[in-house]
Chemist: 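One structure coming up, written as structure tokens, with questions to follow.
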Amino acid sequence: MKKSKIFYGFIGLFLIGCLFGVLVARAAPESAESMFSNLRNFFGGTIGENTDKFSLFTFIFFNNSRVAIISAIGGVLFGIVPAGILFFNGFIVGIVLEYFHSQGESLLQLLLAIIPHGILEIPAFAVAGLGGVEWYFEIVRGRGTLRERFLNGFIKSMRMLVLALIMLLLAALVEAYITPTVASLV
């Protein structure tokens, strides 16, 4: 299977998750509000409105790096882990978008609060997951002993993980320093 098909498949799962999140939030607004409240409580102890930008940047980068590492390592399990991570992230984005939109927030402003960093962040998760899938394919279809195939796949996976981490570093910088300014323009 081509890398690009897997990559776009992961992006598609994120978008399907977004749509599903919006639909769930519309169908059961009280459940969406409860989920959103739980998310706010989960992150509320770490991030507050008075958090300085550097602390926000480091929190975002390390949290997303952890998810990317899980995605890369979990990708070796037939791509199930990164697929789940991307779908779930999309689901959360969909719920948050619909929740705030139902509270009267401008859809344009909401999109401006997500797209500047999301354009790097979501593909980074897909790249990390793709690395894990490459690792799986190398183990199953590669040449050499099982040990050689495992190590070759691991090296391929780690190269893609490094690329994903660079993308996440840039995304965290954008999210902490640029996205708030862009979102406030509307």
Chemist: If you compare all heavy atoms of V133 against all heavy atoms of F10, which two are closest, and at what distance to 0.1 Å?
Modeler: CG2-CZ, 4.0 Å
Chemist: Mind listing the closest non-hydrogen atom pair of A68 and A128 along with its distance?
Modeler: O-CB, 3.5 Å
Chemist: Compare every heavy atom of A126 with every heavy atom of I11, then report the nearest pair and how far apart it is.
Modeler: CD1-CB, 3.9 Å
Chemist: Could you check whether any side-chain heavy atom of F57 comes within less than 4.5 Å of a side-chain heavy atom of L169, counting everything from C-beta outward?
Modeler: yes
Chemist: With a 4.5 Å cut-off on side-chain heavy atoms, are L120 and L168 touching?
Modeler: no
Chemist: For a 4.5 angstrom cut-off between non-hydrogen side-chain atoms, does F14 reach V93?
Modeler: yes
Chemist: Any non-hydrogen side-chain atom of I178 less than 4.5 Å from a side-chain atom of L173?
Modeler: no
Chemist: For M167, run the side-chain contact (heavy atoms from CB on, under 4.5 Å) check against L165, L170, L163 and tell me which one passes.
Modeler: L163
Chemist: CD1 of I122 to CD1 of I114: how many Å apart, nearest 0.5 Å?
Modeler: 9.5 Å
Chemist: Rounded to the nearest 0.5 Å, what separates atom CG in L77 from atom OH in Y136?
Modeler: 10.0 Å
Chemist: Taking the side chain as everything from C-beta on, heavy atoms only, tell me whether F154 gets closer than 4.5 Å to V76.
Modeler: no
Chemist: Among L161, V162, I155, find the one that has a side-chain contact (heavy atoms from CB on, under 4.5 Å) with M158.
Modeler: L161
Chemist: Just one of H117, E175, E121 clears the side-chain hydrogen bond (donor to acceptor under 3.5 Å, both in side chains) bar with N64, so which one?
Modeler: E121
Chemist: Looking at every heavy atom in both T179 and L112, which two are closest together, and how far apart are they?
Modeler: CG2-O, 3.8 Å
Chemist: Out of curiosity, F54 CZ to T58 OG1, how far, rounded to the nearest 0.5 Å?
Modeler: 5.5 Å
Chemist: Using side-chain heavy atoms (C-beta onward) and a distance below 4.5 Å, is I6 in contact with K2?
Modeler: no
Chemist: Which pair of non-hydrogen atoms, one from P82 and one from G129, has the smallest distance, and what is that distance?
Modeler: CB-CA, 3.5 Å
Chemist: Taking I95's backbone N and O only, do any of them form a donor-acceptor pair with E98's side chain (distance below 3.5 Å, no angle check)?
Modeler: no
Chemist: Looking at E30, is its backbone amide N or carbonyl O close enough to the side chain of S34 to form a donor-acceptor pair, meaning the two atoms are under 3.5 Å apart?
Modeler: no
Chemist: Where does the angle between the aromatic ring planes of F20 and F87 fall among parallel (under 30°), tilted (30 to 60°) and perpendicular (over 60°)?
Modeler: tilted
Chemist: Can you tell me how far the OG atom of S157 sits from the CD1 atom of I69, to the nearest 0.5 Å?
Modeler: 10.5 Å
Chemist: Under 3.5 Å, is there a donor-acceptor pair between the N152 and R149 side chains?
Modeler: no
Chemist: Grab the two heavy atoms, one from F150 and one from W135, that are nearest each other, plus how far apart they are.
Modeler: O-NE1, 3.1 Å
Chemist: Let me see the working for F91 and V24 under side-chain contact (heavy atoms from CB on, under 4.5 Å), right down to the final yes or no.
Modeler: CA-CA 9 Å; F91 179 71; V24 166; 3.9 Å; yes
Chemist: Rounded at 0.5 Å granularity, tell me how far CG in L110 sits from CZ in F100.
Modeler: 7.5 Å
Chemist: Is there a side-chain contact between P123 and F7, using heavy atoms and a 4.5 Å cut-off?
Modeler: yes
Chemist: What's the spacing between E33 CD and Q103 CD if we round to 0.5 Å?
Modeler: 6.0 Å
